[in-house]
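Since the structure comes first, as structure tokens, the remarks are kept for the end.
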There are 2 protein chains.
Amino acid sequence: MARRAEGKSGCSVESALAVIGGRWKGVVLYWLSTGTLRFGELRRLLPSCTQRMLTLQLRELEQDGLVKRTVYAEVPPRVEYELTPFGRSLVPILLDLKAWGERYRRRLP
Amino acid sequence: MARRAEGKSGCSVESALAVIGGRWKGVVLYWLSTGTLRFGELRRLLPSCTQRMLTLQLRELEQDGLVKRTVYAEVPPRVEYELTPFGRSLVPILLDLKAWGERYRRRLP
DNA sequence: CGGTATCCAGCGCGATACTG
DNA sequence: CAGTATCGCGCTGGATACCG
């Protein structure tokens, strides 16, 4: 986690990218911006992300205070993920990025 | 370049992050948003980025159409980098990210 | 000054298997 | 269902040296 570790040095753009720059974090955050989701639902929404990676990325987002994890003591177990208020503060930027990404893709050969 | 290569698949957030997610790209773009810069100037602005990495990241940004590279046939050689119009279209988002990054850092222990 | 070339470490990430 | 555990590969990026 070299990238995430150095959160305090460098400029703030780096800090932000360190938080959302993980392989799947952008998409995870995007889907969570549409509402609370269970682990299995996220898995289905990110078919090419392995279970292990999904877990890891969610844990990091949780540590960074963007995502809240709620475990329900049921059988079978249920775990729900949702954005924290701080996480939600990133959503507008994420949507801008998404829009920009669409324009970028339209330029491709 | 696994990340950059798959620009066409996945959601657009991924595409955008694939373009600006490189280790130094965010900062390079940020500095270039303040005006045209020579290679050596960028080096001084990113002291912890090696010359090799700076070159690589600039080349990728150039390929992605965000940065224009101009070589002046002088001695000693002079090379200037500036944002393309398309690159400039990313600047507002970058500034939002920067502002968000500052808030993020203020939350840190 | 503004680059290549070369070599190489580390870790990001995937694949697979097992568990409460 | 929602995870951990373990193993290993490949790419990212660092160090260093050389070039027009």
Side-chain angles (χ1 to χ4, degrees), chain A residues 1-7 9-10 13-14 17-28 31-32 36-64 67-82, chain B residues 1-7 9-10 14 17-29 31-32 36-64 67-82:
Chain A
M1 235 144 282
R3 198 73 184 282
R4 293 183 69 243
E6 62 183 274
S9 66
V13 188
E14 282 189 74
L17 285 175
V19 174
I20 64 173
R23 180 70 186 78
W24 304 98
K25 290 186 186 174
V27 211
V28 168
W31 282 117
L32 286 181
T36 301
L37 289 171
R38 298 185 55 167
F39 185 80
E41 291 176 317
L42 278 170
R43 282 209 70 184
R44 253 165 279 127
L45 289 168
L46 286 76
S48 49
C49 175
T50 62
Q51 186 176 30
R52 168 193 147 87
M53 280 316 296
L54 184 53
T55 302
L56 287 177
Q57 305 271 302
L58 283 168
R59 288 292 190 283
E60 292 189 1
L61 290 172
E62 196 189 353
Q63 276 184 36
D64 288 333
V67 163
K68 185 173 142 228
R69 178 175 182 260
T70 312
V71 183
Y72 295 90
E74 303 175 356
V75 177
R78 179 164 58 109
V79 181
E80 288 189 345
Y81 294 91
E82 63 186 315
Chain B
M1 230 146 283
R3 200 74 186 281
R4 293 185 68 244
E6 61 183 274
S9 66
E14 283 188 71
L17 286 175
V19 174
I20 64 174
R23 178 74 186 78
W24 305 99
K25 290 185 185 174
V27 212
V28 168
L29 289 171
W31 281 117
L32 286 181
T36 301
L37 289 171
R38 297 185 55 168
F39 185 81
E41 292 175 316
L42 278 170
R43 282 211 70 184
R44 254 165 278 127
L45 290 168
L46 285 76
S48 49
C49 174
T50 61
Q51 186 177 31
R52 167 194 145 86
M53 281 316 297
L54 185 54
T55 302
L56 288 178
Q57 305 270 301
L58 282 168
R59 289 292 190 282
E60 291 190 1
L61 290 172
E62 195 189 354
Q63 275 183 36
D64 288 332
V67 163
K68 187 173 140 225
R69 177 173 182 263
T70 313
V71 184
Y72 295 90
E74 304 174 354
V75 177
R78 178 165 59 109
V79 180
E80 287 188 346
Y81 293 91
E82 62 186 316

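Reminder, nothing fancy here: chain letters follow the sequence lines and each chain counts from 1.
Distance B:E74 CD to C:dC1 C1': 11 Å, rounded to the nearest Å. Regarding B:E60, its CD atom lies at a distance of 10 Å from the C1' atom of D:dT12, rounded to whole Å. Taking atom OH on B:Y72 and atom P on C:dG3, their separation rounds to 13 Å, with Å as the unit.
Scanning for side chain to side chain donor-acceptor pair (under 3.5 Å) contacts around B:E80 gives B:Y72, B:R78, with sequence neighbours left out. Judged as a salt bridge (charged side-chain N to carboxylate O under 4.0 Å, His left out), and not counting sequence neighbours, the contacts of A:E82 are A:K68. B:R52 is linked by a side-chain contact (heavy atoms from CB on, under 4.5 Å) to B:T50, B:L56, counting only residues two or more places apart in sequence or in another chain. Residues forming a side-chain contact (heavy atoms from CB on, under 4.5 Å) with B:V71 (at least two apart in sequence, or on another chain): B:R69, B:V79. Considering only residues two or more places apart in sequence or on other chains, A:L45 meets the side-chain contact (heavy atoms from CB on, under 4.5 Å) condition with A:W31, A:L37.
Listed by residue number, the members of residues 48-58 of chain A with any heavy atom below 4.0 angstrom from DNA chain C are A:T50, A:R52, A:M53, A:Q57. Within a heavy-atom distance below 4.0 Å of DNA chain D, the residues of residues 37-47 of chain A found are A:R38, A:F39, A:G40.
One finds no side-chain N or O of B:R59 lying less than 4.0 angstrom from the OP1 or OP2 phosphate oxygen of C:dG2. Listed pair A:R23 / D:dT12 fails the phosphate criterion, with no side-chain N or O lying under 4.0 Å from OP1 or OP2.
The shortest non-hydrogen separation linking B:L32 to B:Y81 is CD2-O, 3.5 Å. Considering every non-hydrogen atom in both A:L61 and A:V19, the closest pair reads CD2-O, 4.2 Å. When all heavy atoms are compared, the tightest approach of A:T36 to A:E41 is O-OE1, 4.4 Å.
A heavy-atom distance below 4.5 Å is found between the side chains of A:E14 and B:R23. Residues B:E62 and B:L58 form no side-chain contact, since every pair of their non-hydrogen atoms from C-beta on lies 4.5 Å or further apart. Between A:L54 and A:W24 the shortest side-chain heavy-atom distance does not fall below 4.5 Å.
Rotation axes derived from the C1' atoms of the five outermost pairs at either end of the helix from C:dC1-D:dG20 to C:dG20-D:dC1 lie 50° apart, to the nearest 10°.
Relative to the side chain of B:R78, the nucleotides D:dA2, C:dG3, C:dG2 differ in distance, and C:dG2 lies closest.
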